[in-house]
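Every chain is numbered from 1 and lettered A, B, ... according to where its sequence line falls, protein lines coming before strand lines.
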Amino acid sequence: MLAQIIHLIKKEIVLEWRNRYAINGITLYLISTIFICYLGFNVKSNELDPITWNVLFWIIILFTAISVVAKSFIQEKQGLFLYYYWLHDPTSLIIARTLYNALLMVILGVVGLLVYSIVLGNPVEDIILFLINVIVASLGLSSALTMISAIAAKAKNSHTLMAILSFPVILPILLMVIKVSKNAMDGLERSNSYDELATLLAINAITGAVSYLLFPYLWRS
Amino acid sequence: MRKSWWKVVTVVLLVYVITGGLLMEVPRLNILNETIRALYFHVPMWFGMIIMLVVSMVYSVKYLRSSNALYDTIALEFANVGIVFGIFGILTGMFWAQFAWGAWWSGDPKQNASAIGLLIYLAYFVLRGSLEDREQRARIAAVYNIFAFAALIPLLFILPRLTDSLHPGNGGNPGFNAYDLDNRMRRVFYTAVIGWSLLGVWIASVRVRIRRIESSLEL
């Protein structure tokens with residue numbers, strides 16, 4: 001099982017590396033969104049209101065996450081689906097996909113943060129907490145979104161459906177994340193954020209466990 | 001008649017709740033005054049919604065285990081009734097808030113969370129609408145229903161407790177337990193919870209029957 005998961009993650013990375021246009025496209029999407037925000041607000045570095053800075057960053061990350069994860073099931077060819085079905089255990093497939101998407105989100109989150117801080121300034125005081133938050137958020141976003149994209153992939157007009165299904169489910173995660181990152185920006189004591197981080201991890205555990213249990217049923221069709 | 005005794009019980013309980021809830025003595029409290037009676041109508045809506053959604057979730061699990069189409073219909077109708085309860089919960093809450101907080105909508109964490117909760121379940125109906133194959137629709141909707149329920153729990157029970165809220169029972173505001181001494185209120189309240197929930201089960205069972213007749217006519 002573990003070997004299969006690692007094998008699947010490796011396969012995803014190799015596949016991604018071979019046709020780099022997908023990942024390049026998403027990176028470009030992220031950077032151009034940030035640039036649009038920068039030009040749209042028309043402010044110099046560090047002049048953005050901290051709350052706006054924070055919320056804007058996470059909204060950009062959310063939309064990037066949705067387009068990253070949508071790729072994993074929605075844009076897959078039907079024939080490939082059948083092929084996976086013969087080869088792999090569904091539970092290891094969903095775990096591998098979730099972890100891979102989380103990895104991708106961490107990388108994109110860090111790249112995004114870098115570009116974002118260059119153009120819009122970086123008021124974060126506790127950068128380590130902020131990065132931990134990025135990692136936890138990536139896990140949460142990818143575990144909820146991967147499952148949702150697997151559901152939406154079965155329906156028609158799956159891109160619209162993906163947004164409708166995922167926004168309300170994602171919201172609790174996003175609210176927690178925004179709160180923790182505000183704490184990190186203000187440089188509050190770490191202990192102030194433990195509650196939120198614990199809740200986030202608990203929500204991640206719930207969504208992860210539920211998708212682990214439910215994915216085999218989705219898979220059967 | 002033997003089978004429908006619980007419907008009689010429902011009617012009796014609800015008549016008691018409505019007359020008792022509107023007319024019986026209630027504790028005199030500042031600010032709340034007579035609006036305390038909202039407790040009999042607002043809070044049972046949420047109890048009813050949670051009960052309906054739990055039933056819906058359980059039937060979705062049952063559906064996944066057995067692929068019996070009847071379970072899917074039951075899950076759908078209980079979710080429907082649960083949403084109706086939720087909408088009434090929000091409306092009665094807004095009505096109360098207009099008097100107690102001075103605004104229909106004040107962005108309180110509980111108001112926001114319940115609105116998001118409703119969005120999650122409305123998405124469930126959109127999902128059902130966009131799938132055509134009957135069996136596939138039933139299975140995917142069941143999967144999403146369970147997933148949605150898992151997402152609803154932190155939303156309604158954990159997040160509002162982490163933030164300050166004006167809502168009774170949160171942020172140092174007296175909740176239900178502050179009225180412990182008043183057992184008459186308790187009596188009406190529990191009757192209301194049972195009565196409204198039974199009414200929900202009743203509506204759902206009628207709707208399930210309608211669906212079954214419809215699908216047997218189609219075949």
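Proximity to chain B is limited to the side chain of A:Leu161, based on heavy atoms less than 4.5 angstrom apart. Residue A:Ile203 touches chain B through its side chain alone, counting heavy-atom pairs closer than 4.5 Å. Proximity to chain A (any heavy atom under 4.5 Å) is shown, for B:Glu135, by neither the backbone nor the side chain. For A:Ile151, the parts lying near chain B are the backbone and the side chain together; criterion is any non-hydrogen pair under 4.5 Å.
Looking only at distances, no side-chain donor or acceptor of B:Arg139 sits under 3.5 Å from a matching main-chain atom of A:Leu218.
Checked against salt bridge (charged side-chain N to carboxylate O under 4.0 Å, His left out), A:Arg190 has the following partners two or more places apart in sequence or in another chain: A:Asp126.
Considering only heavy-atom pairs separated by less than 4.5 Å from chain A, the leading option among B:Val126, B:Leu118, B:Leu127 is B:Leu127. Most heavy-atom pairs under 4.5 Å with chain A: of the set B:Ala142, B:Ala148, B:Ser130, this distinction falls to B:Ser130. With respect to chain A, the highest number of heavy-atom pairs below 4.5 Å among B:Ile120, B:Val61, B:Leu152 belongs to B:Ile120. When A:Thr160, A:Ile170, A:Leu171 are compared by the number of non-hydrogen pairs under 4.5 Å with chain B, A:Leu171 comes out ahead.
In this structure, A:Ile51 places its CD1 atom where only 12 or fewer heavy-atom neighbours from other residues, nucleotides or ligands lie under 6.0 Å away. The environment of A:Phe167 atom CZ is dense: over 12 non-hydrogen atoms of other residues, nucleotides or ligands sit within 6.0 angstrom. Crowding of A:Lys10 atom NZ: a count of heavy atoms from other residues, nucleotides or ligands under 6.0 Å not exceeding 12.
Closest of all the heavy-atom pairs between A:Pro168 and B:Ile116 is O-CG2, 3.7 Å. Across all non-hydrogen atoms, the minimal contact from B:Ile140 to A:Lys154 is CD1-CB, 3.1 Å.
Remark: of the listed residues A:Ile206, A:Val169, A:Leu213, A:Val169 is the sole one forming a side chain to side chain contact (heavy atoms under 4.5 Å, CB included) with B:Phe147.
Taking non-hydrogen atoms and a 4.5 Å limit, the residue list of residues 141-149 of chain A in contact with chain B, ordered by number, reads A:Ala144, A:Met147, A:Ile148.
Expressed to the nearest 0.5 Å, how far OH of A:Tyr217 lies from OG of B:Ser60 amounts to 12.0 Å.
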